[in-house]
Amino acid sequence: MAPWRLPLLVALLRGWLLASSSSSPSTVAPPQDLQITDPGLLGSLDVEWKPPPHAQTLQECTIKYKLEYHSTGDRDWKVIFTRKLKLRVGFDLSRTAEVRLQTLLKGRCTGDVEVQSDWIYATFQIPPQGKLESEVQNFKCIYHDWEYLKCTWQPGLLTPRGAHYGLYYWYEGLEQTMQCAQYIQEHGLNLGCVLHNLSQAEYRDLHICVNGSAAATQLRPLYSTLRLHNLAQPSAPEQLQLSLSAAQELRAAWSPPGGRVPPHCLEYEVQVAEDAAAWAVLPWGSAGVQPCRRAAGLVPPSTQ
């Protein structure tokens, strides 16, 4: 190689390196126009945004977004990584919905180093309706035998006579919000609801609203998000049989309850007593009661 070509080659290589480093962005702009809208699905809100400016020029990199969200008062933020520009996420509509979003950029244009933008923020809140004391009290639900959901409540402290309550629900898969078709009434007042055919809602968020109306005043609606598998309650075991062995050991056997409760989710508690005023739980632990068996034959420990 001619002596004069070596400095020229070094100069060209240095220029190429400088150009490459200067073209790798060390920052990226945040997304634009973050918005939260309510499609009327009892707490399942739509969050959407637009790409950062000049995103089309970053062809050698992948653009993703980090979405964090929660309802005011929650300690933790839920996190979603996505390439989409619109998501539907659940909130408690009795509180303010809070969302923050940032751009994540990585690829050849950043030297395979992830670059994060600043955060952008948005909030959403339904205008308060009625006084807080008019909201229903003692709202609770039980998913009986994995077959039907029973929810009950009591009138709010400031609920006037003649109030009318309605329960509405929605889960992913329904085209629109549905109203309870089987109310539980006391003295003509709706104080509960039974919902059937909820198998499609299992392991999903079930959004519920108990709303009330009265001629004299507005009532505060109650919003709740349920998970059916956390509310499942089986019936009592069936076909309980007691027998006494030749060694004077009391044996108990039974069959699992009916319904759709998965057998592996069942555990059993056994209580014994010589009279009705002295019931006690047998301390058998893992050596005695065996959960989730089609039938259990139990023998008290020798210490009993």
Side-chain angles (χ1 to χ4, degrees), residues 38-45 70-76 78 88-95 97 126 129-130 132-159 163-214 219-237 256-267 269:
D38 182 9
L41 301 177
L42 309 181
S44 191
L45 303 180
H70 72 177
S71 299
T72 300
D74 290 345
R75 181 176 179 180
D76 299 322
K78 297 178 181 178
R88 178 167 288 175
V89 291
F91 296 90
D92 179 355
L93 287 187
S94 64
R95 297 178 284 162
I126 290 181
Q129 173 184 315
L132 180 61
E133 293 81 3
S134 67
E135 181 181 284
V136 297
Q137 307 177 88
N138 303 323
F139 178 77
K140 57 183 178 181
C141 298
I142 296 176
Y143 194 34
H144 289 274
D145 293 324
W146 285 59
E147 291 185 342
Y148 65 94
L149 180 70
K150 180 180 178 181
C151 296
T152 57
W153 59 85
Q154 294 295 321
L157 296 176
L158 296 182
T159 301
H164 175 76
Y165 291 109
L167 181 143
Y168 303 84
Y169 65 97
W170 181 86
Y171 56 86
E172 185 179 357
L174 292 179
E175 294 183 358
Q176 60 185 6
T177 301
M178 305 294 291
Q179 182 176 182
C180 174
Q182 182 180 344
Y183 284 106
I184 302 170
Q185 294 189 335
E186 293 184 15
H187 307 293
L189 186 64
N190 293 341
L191 294 180
C193 171
V194 178
L195 298 176
H196 297 274
N197 302 320
L198 293 177
S199 59
Q200 297 299 317
E202 293 171 3
Y203 302 103
R204 297 182 179 182
D205 287 339
L206 174 63
H207 299 279
I208 286 182
C209 173
V210 180
N211 204 352
S213 61
L219 304 182
R220 177 73 61 91
L222 176 141
Y223 294 96
S224 182
T225 300
L226 310 178
R227 283 293 184 102
L228 294 178
H229 60 277
N230 293 330
L231 303 172
Q233 177 176 300
S235 300
R260 297 177 51 248
V261 179
H264 66 273
C265 295
L266 295 173
E267 293 183 357
E269 177 181 283

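As the structure is a computational prediction, the values presented were derived from the model and not from experiment. All values below were derived from every heavy atom in this structure, side-chain atoms included, with hydrogens, water molecules and symmetry-related copies excluded.
The shortest side-chain heavy-atom distance between Ile184 and Lys150 falls under the 4.5 Å cut-off. With contacts defined as side-chain heavy-atom distances shorter than 4.5 Å, the pair Val210/Phe139 qualifies. The shortest side-chain heavy-atom distance between Gln179 and Leu167 does not fall under the 4.5 Å cut-off. The side-chain heavy atoms of Trp153 and Leu191, taken from C-beta on, include a pair separated by under 4.5 Å. A heavy-atom distance below 4.5 Å is not found between the side chains of His207 and Leu41.
Closest approach of Thr177 and Gly40 over heavy atoms only: OG1-O, 2.9 Å. Nearest approach of Thr159 to Ser134, heavy atoms of both residues: OG1-O, 3.6 Å. The two residues Trp170 and Gln176 have their closest heavy-atom pair at CD1-O, 3.5 Å. The two atoms that bring Ser213 and Leu219 nearest to each other are N-CD1, 3.7 Å, heavy atoms only. Here the closest non-hydrogen pair linking Thr225 and Phe91 is OG1-O, 4.3 Å. For the pair Leu45 and Ala97, the tightest heavy-atom approach, listed with the atom from each and the gap, is CD1-CB, 4.0 Å.
To the nearest 0.5 angstrom, Asp76 atom CG is 10.0 Å from Lys78 atom NZ. Between the NE2 atom in His164 and the CG atom in Asn211 there is a gap of 9.5 Å [rounded to 0.5 Å]. Here the OG-CG distance, from Ser224 to Leu93, works out to 11.5 Å after rounding to the nearest 0.5 Å. For the atom pair OH (Tyr203) and CZ (Arg227), the distance works out to 10.5 Å, reported to the nearest 0.5 Å. The CD atom of Gln137 lies 10.5 Å from the CG atom of Leu222; values are rounded to the nearest 0.5 Å. Here the CG atom belonging to Leu189 is positioned 9.0 Å from the CD atom belonging to Gln154, to the nearest 0.5 angstrom.
Glu133 meets the salt bridge (charged side-chain N to carboxylate O under 4.0 Å, His left out) test with no other residue; sequence neighbours excluded. Scanning for disulfide (SG to SG under 2.5 Å) contacts around Cys141 gives Cys151, with sequence neighbours left out. For Arg95, the salt bridge (charged side-chain N to carboxylate O under 4.0 Å, His left out) test picks out Asp74, Asp92, with sequence neighbours left out.
Taking the six-membered ring where tryptophan is involved, the planes of Trp146 and Tyr143 are tilted, since the angle between them lies from 30° to 60°.
Heavy-atom neighbours of Gln185 CD from other residues, nucleotides or ligands within 6.0 Å: above the threshold of 12. For Asn230, the CG atom counts as densely surrounded, since its 6.0 Å shell holds more than 12 non-hydrogen atoms of other residues, nucleotides or ligands.
Arg220 contributes a side-chain N or O that, together with a main-chain N or O of Gln129, makes up a donor-acceptor pair within less than 3.5 Å. Of the possible polar contacts, one joining the Arg204 side chain to the Glu172 backbone as a donor-acceptor pair under 3.5 Å is found. A donor-acceptor pair under 3.5 Å links the side-chain atoms of Asn190 to the main chain of Tyr165, judged by distance alone. In this structure a side-chain-to-backbone donor-acceptor pair under 3.5 Å is missing from Tyr169 to Leu42.
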